[in-house]
J.: 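Here you go, one structure.
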Amino acid sequence: MSRRDKAASALSSKDSERDDKFRVQVVKLERDVAAVNAKLADANRLLETEKTARATCESQASKAVAKLNEFQAKQSGVIAASDKVSRIQARRGVARPCAGVHEPCPGER
């Protein structure tokens, strides 16, 4: 074999070794990329779950606030009606129940 053939063979061998090293590195990098993509997919699923839970919670909170407002409105209406009845009874002199000791109230006979 001539020098030139030996040098070409040595270069070819070195190129082959280098190619093998690069292939191994590429395979490792592809595995790393696949692992990162799997972790990213898991994170996205968790994020979607959290968003769904948050939306559900906000919806329930909104419904609870609406019910509370409705209750407070009814309560205000009952209090206003009770005050109105008391004022009307006071104007008419209707007897009111006394607490504990009974003394004749105005209008009682």
J.: So how far is it from Asp42 CG to Asn37 CG, rounded to the nearest 0.5 Å?
T.: 11.0 Å
J.: Please enumerate all residues that pass salt bridge (charged side-chain N to carboxylate O under 4.0 Å, His left out) together with Lys51, with sequence neighbours excluded.
T.: Glu48
J.: Please examine the side chains of Val33 and Glu30, heavy atoms only from C-beta on, and report whether any two atoms are closer than 4.5 Å.
T.: no
J.: Let me confirm one number: the CZ-CG distance from Arg45 to Leu40, rounded to the nearest 0.5 Å.
T.: 10.0 Å
J.: Name every donor-acceptor pair, under 3.5 Å, that has one atom in a side chain of residues 55-71 and the other anywhere in the protein, sequence neighbours excluded.
T.:
from, atom 1, to, atom 2, distance (Å)
Thr56, OG1, Thr52, O, 2.9
Asn69, ND2, Val65, O, 3.4
Glu70, OE2, Lys74, NZ, 3.4

J.: If we ignore hydrogens and angles and just use 3.5 Å, is the side chain of Ser82 paired with the main-chain N or O of Val78 as donor and acceptor?
T.: no
J.: Is any side-chain N of the basic residue among Arg23 and Asp20 closer than 4.0 Å to the acidic one's carboxylate O?
T.: yes
J.: Does this structure show an ion pair linking Glu17 with Lys21, if we count only N-O contacts that are shorter than 4.0 Å?
T.: no
J.: Rounded to the nearest 0.5 Å, what separates atom CG in Asp32 from atom NZ in Lys28?
T.: 9.0 Å
